[in-house]
Amino acid sequence: MAHVRIENVHKIYPPDTVAVQNANIEALDKEFLALVGPSGCGKSTLLRMIAGLESVTEGDIYIDERRVTHVLPKDRNIAMVFQNYALYPHMTVYKNMAFGLKMRKTPKREIERRVKNAAEILGIEELLNRRPQHLSGGERQRAALGRAIVRDPKVFLFDEPLSNLDAQLRAQMRAELKKLHARLEATMIYVTHDQTEAMTMGDRIIVLKEGAIQQIATPLHLYVQPKNRFVAQFIGNPPMNLIEGRMATREQRRVFEAPGMELDLPRPLWPALQAAPDGEIVLGVRPEHVRIDPEFTQTRPTARISAVVEVVEPLGSETLAYLNAEGSVFIAKMPPTSLPRVNERLEAAFEPEQIHFFNAASGESFTA
């Protein structure tokens, strides 16, 4: 297959709208690279520049060390799968899959071989004579994938291909795409606004915000060591709790203060906080690291937080409790058997080794 390198790429729409700024990315050979971020962050623009469907304002794009910045899309040897499938409605699935090869004057027998092979991989052999209007959403998506596979491209590009499917079918298609990636041993770059898709599918993930790359890392690294406040809240469902407060030094102790809480910070955290002056700071903790079980909270008298339960969400596999400590609001994730009552007052504590701290002004992490 191939690797893709993007060097110092900018995209500016007239007069001065910055869509992508200073992007430096490398998709490794056979890697599944996911681009994730909120709507308007530049991820689809970046993908379209790789495909050649958008021009590059500054910088360069390479596919297998070949500079393709100004090469026409048809000459880049890539295949793109779109959000709306982009199937020709008057053609059968077979003809849709064969169309690109036919335009390239591929021999008829070779077209037939490639289409049948792709249909077998995707399990759509019985759909080849149907037209798109007679297919379900999942079947249309497979047909669009088949059209990409038959081209035998160096790179597959996916632009939110599952966003039109219902939740159950999306989960099924995520698994199918991962299997397809393993079978084809292909380089794939996948754009999505759904962080669950990115986390479950990507070998590495690129998080974007307002056209700028925030962090590039494996899913686990992003989750455990977010580089900044934006990544911390964007990755994870429910997102990381962020509590605004103040850092203070008292009698050789480091203390975090916020409405309803005063936490003595364990000594192992101190080295990471050397750069954090006394003053405004943001504490971050994942919901699963907020504990309300007495066996845990009673062993931490200096870290206990008295809070009132505002909302309880039983989700079957787990329970979420929304807690309020005199204005400091945070979520606790607990086993499904734990069902605290609304308006109940209870004691909570944070697992100290799982606490993060972020600069209140820049949002950068002190503990990543």
Side-chain angles (χ1 to χ4, degrees), residues 195-196 199 220 222-226 229-251 253-270 272-273 276 278-358 360 363 365-368:
Q195 57 96 14
T196 300
M199 292 286 283
L220 181 60
L222 279 180
Y223 191 81
V224 174
Q225 291 187 297
R229 181 173 177 171
F230 176 79
V231 176
Q233 271 215 305
F234 194 82
I235 299 296
N237 186 27
M240 180 182 285
N241 296 300
L242 296 178
I243 302 169
E244 297 181 358
R246 295 182 58 80
M247 186 73 71
T249 302
R250 292 186 185 167
E251 300 175 356
R253 294 158 45 224
R254 294 286 265 173
V255 178
F256 174 77
E257 300 173 333
M261 61 182 71
E262 183 177 300
L263 307 178
D264 272 14
L265 301 180
R267 200 171 280 273
L269 276 177
W270 291 10
L273 293 170
D278 288 355
E280 292 183 1
I281 199 167
V282 178
L283 178 147
V285 63
R286 297 266 178 213
E288 61 268 29
H289 300 138
V290 178
R291 303 283 291 275
I292 65 170
D293 46 300
E295 289 183 9
F296 185 86
T297 57
Q298 287 174 8
T299 62
R300 286 158 174 79
T302 61
R304 273 184 266 172
I305 304 161
S306 179
V308 174
V309 179
E310 291 191 326
V311 177
V312 177
E313 291 185 347
L315 301 176
S317 60
E318 62 195 19
T319 297
L320 301 181
Y322 293 71
L323 308 176
N324 190 326
E326 298 180 22
S328 294
V329 179
F330 53 97
I331 302 171
K333 184 186 289 187
M334 56 197 72
T337 52
S338 298
L339 288 172
R341 298 184 304 277
V342 173
N343 296 325
E344 177 184 356
R345 180 170 287 278
L346 46 75
E347 288 189 330
F350 303 153
E351 295 182 19
E353 62 275 13
Q354 303 295 344
I355 293 174
H356 301 258
F357 284 101
F358 303 94
S365 173
F366 288 113
T367 47

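Predicted model only: the values in this text are computed from it and were never measured. Counting begins at 1 with the first residue of the sequence.
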If you take all heavy atoms of [X] and [Y], which pair is closest and at what distance?
{"X": "Phe256", "Y": "Glu244", "result": "CZ-C, 4.3 Å"}
{"X": "Gly245", "Y": "Ala258", "result": "CA-CB, 4.1 Å"}
{"X": "Pro226", "Y": "Ser365", "result": "O-CB, 3.6 Å"}
{"X": "Glu288", "Y": "Glu351", "result": "O-OE2, 3.8 Å"}
{"X": "Asp264", "Y": "Arg253", "result": "OD1-NH2, 2.8 Å"}
{"X": "Phe357", "Y": "Thr367", "result": "N-OG1, 3.2 Å"}

Check whether any side-chain N or O of Asn241 sits under 3.5 Å from a backbone N or O of Val285 as a donor-acceptor pair, and report yes or no. yes

Which is it for Leu320 and Leu315 under the side-chain contact (heavy atoms from CB on, under 4.5 Å) test, yes or no, and what are the steps along the way? CA-CA 8 Å; Leu320 301 181; Leu315 301 176; 3.8 Å; yes

Enumerate, atom names and distances included, each donor-acceptor pair closer than 3.5 Å involving a side-chain atom of residues 325-340, sequence neighbours excluded.
| unit_1 | atom_1 | unit_2 | atom_2 | d |
| --- | --- | --- | --- | --- |
| Ser328 | OG | Pro259 | O | 2.6 |

With side-chain contact (heavy atoms from CB on, under 4.5 Å) as the test, would you mind laying out the steps for Val309 and Leu323 before giving the verdict? CA-CA 5 Å; Val309 179; Leu323 308 176; 3.7 Å; yes

Answer yes or no: are there more than 12 heavy-atom neighbours, outside Glu310 itself, under 6.0 Å from its atom CD? yes

Should we count CD of Glu295 as having more than 12 external heavy atoms under 6.0 Å? no

Report the residues that fulfil side-chain contact (heavy atoms from CB on, under 4.5 Å) with Val311, sequence neighbours left out, ordered by chain and then residue number.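 Per chain and number, Val311 pairs via side-chain contact (heavy atoms from CB on, under 4.5 Å) with Glu313, Tyr322.
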
Quick one: list whatever passes salt bridge (charged side-chain N to carboxylate O under 4.0 Å, His left out) with Glu280, sequence neighbours left out. none

With heavy-atom distances below 4.5 Å as the criterion, would you say the side chains of Met261 and Leu283 are in contact?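 They are not in contact (no side-chain heavy atoms under 4.5 Å apart), so the answer is no.
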
Can you tell me how far the [atom1] atom of [X] sits from the [atom2] atom of [Y], to the nearest 0.5 Å?
{"X": "Gln233", "Y": "Gln195", "atom1": "CD", "atom2": "CD", "value": "11.5 Å"}
{"X": "Ile305", "Y": "Ile243", "atom1": "CD1", "atom2": "CD1", "value": "6.5 Å"}
{"X": "Met240", "Y": "Tyr223", "atom1": "CE", "atom2": "OH", "value": "7.5 Å"}

Would Arg229 pass as a cation-pi partner of Phe358, given that its NZ or CZ must be under 6.0 Å from the six-membered ring centre and within 45 degrees of the axis? no

